[in-house]
Amino acid sequence: MATSGTATFNLDLSEIIEEAFERCGAELRSGYDFRTARRSLNIMFQEWANRGINLWTLEQGTVTLTPGTATYALPADTVDLLDHVIRTGSGTTQTDITISRISSSTYSSIPTKTSTGYPIQVWIQRLNTPQITVWPTPDSSQTYTFIYWRLRRIQDAADGVNTMDVPFRFLPVLVCGLAYYLSMKIPDAMGRMDVLKAQYDEAWNNASEEDREKAPVRFVPRYMFGR
């Protein structure tokens, strides 16, 4: 017997909600059921942002630095920055130099915040609209570009006919998590809450352990002569 020849299975929002209700031993019956499930799903996506690095939300961005300006806004859906460099030049003369991240206390202790030069440090403020402040403030000797790799927010659940902003390997987590969230709202499903929570945790652990960098890492011992 021949296989299907396809590997495109996915679920739209309505199907995800239906599956989650069925795991709770209930049925999706009304528009309110749909709205409350969608709200729970959006809250769960925010929870995922707190659980760790979701690799599919990793994006590269750039900010062209202006001489005399130290602070710049990042996209509003930025969760955090993972890596960042200062780029100068272009083409065959392009150079990327790592810029160190510092804390608010370290930045506040800098006595000469208005100093200008080649930026070597960045303070990231995780506000509702995140922003960066570089130090020293860029001078006009050359063009500086702040290159960063950011974690963005998972896109909202939307109106029901769209698929979710998650890779296929996280669909089991999505359904298990939503079923657990709904079990806290559906009186007849509260008896299943512990089982659904355990399934959610197991599905998350399986997916998150797979959703990681797989580049080789080499550890070299440091030997100090004379000690």
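- With sequence neighbours left out, the salt bridge (Lys or Arg N to Asp or Glu O under 4.0 Å) criterion links Arg101 to Asp80.
- Residues meeting the side chain to side chain donor-acceptor pair (under 3.5 Å) test with Asn162, sequence neighbours left out: none.
- For the salt bridge (charged side-chain N to carboxylate O under 4.0 Å, His left out) condition, the pairs that include at least one residue of residues 62-79, sequence neighbours left out, are Asp77-Arg150.
- Residues in residues 109-133 take part in these ring-ring contact (aromatic ring centres under 6.0 Å, His included) pairs, two or more places apart or across chains: Tyr107-Trp123, Tyr118-Tyr144.
- Considering Ile132, Thr98, Val122 in turn, Val122 is the only one that fulfils the side-chain contact (heavy atoms from CB on, under 4.5 Å) rule with His84.
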For residues 13-27, please give each side-chain donor-acceptor pair under 3.5 Å, one per line with the distance, not counting sequence neighbours.
residue, atom, partner, partner atom, Å
Ser14, OG, Gly160, O, 3.1
Glu15, OE1, Asp12, N, 3.0
Glu19, OE2, Arg23, NE, 3.2
Glu27, OE1, Arg29, NH2, 3.2

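- Residues meeting the side chain to side chain donor-acceptor pair (under 3.5 Å) test with Thr3, sequence neighbours left out: none.
- What you find for Asp139 and Gly117 is that their closest heavy atoms are OD2-CA, 3.2 Å.
- Shown are Thr64, Thr62, Asp96; of these, the side chain to side chain donor-acceptor pair (under 3.5 Å) with Arg87 is made only by Asp96.
- Clustering of Ile, Leu, Val, Met, Phe, Trp and Tyr by side-chain heavy atoms under 4.5 Å joins Val85 with Ile53, Leu55, Leu58, Val79, Leu82, Ile147, Trp149, Leu151.
- Within the structure, every pair that satisfies the side-chain hydrogen bond (donor to acceptor under 3.5 Å, both in side chains) test and touches residues 39-48, not counting sequence neighbours, is listed here: Thr36-Arg39, Ser40-Lys185, Glu47-Arg51, Glu47-Tyr181, Glu47-Tyr200, Trp48-Tyr200.
- When hydrophobic side chains of Ile, Leu, Val, Met, Phe, Trp and Tyr are connected at separations under 4.5 Å, Tyr32 ends up as a singleton with no cluster partners.
- Contact record, Thr129 with Leu74: CG2-O, 3.9 Å, taken as the closest heavy-atom pair.
- Side-chain contact of Thr106 with Ser103: a donor-acceptor pair under 3.5 Å is present, judged by distance alone.
- Thr112 and Ser115 share a side-chain donor-acceptor pair at under 3.5 Å.
- No donor-acceptor contact under 3.5 angstrom links the side chains of Thr8 and Thr6, judged on distance only.
- Nearest heavy atoms, Ile86 versus Pro119: CG1-O, 3.8 Å.
- Sorted pairs that involve residues 103-113 and meet salt bridge (charged side-chain N to carboxylate O under 4.0 Å, His left out), not counting sequence neighbours, are lacking altogether.
- When all heavy atoms are compared, the tightest approach of Ala158 to Arg38 is O-CD, 2.7 Å.
- Under a 4.5 Å side-chain heavy-atom cut-off, the cluster of Ile, Leu, Val, Met, Phe, Trp and Tyr residues that includes Leu127 has no other member.
- Following chains of ILVMFWY side-chain contacts shorter than 4.5 Å, one can reach Ile124 starting from Ile110, so the two form part of one hydrophobic cluster.
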For Thr116 and Thr137, run side-chain hydrogen bond (donor to acceptor under 3.5 Å, both in side chains): C-alpha distance rounded to whole Å, both residues' side-chain angles, the deciding distance at 0.1 Å, then the answer.
-> CA-CA 5 Å; Thr116 61; Thr137 301; over 6 Å; no
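- Annotation: salt bridge (Lys or Arg N to Asp or Glu O under 4.0 Å) contacts of Arg152 (sequence neighbours excluded): Glu59, Asp165.
- Neither side chain, Thr95 nor Thr88, offers a donor N or O lying under 3.5 Å from an acceptor on the other.
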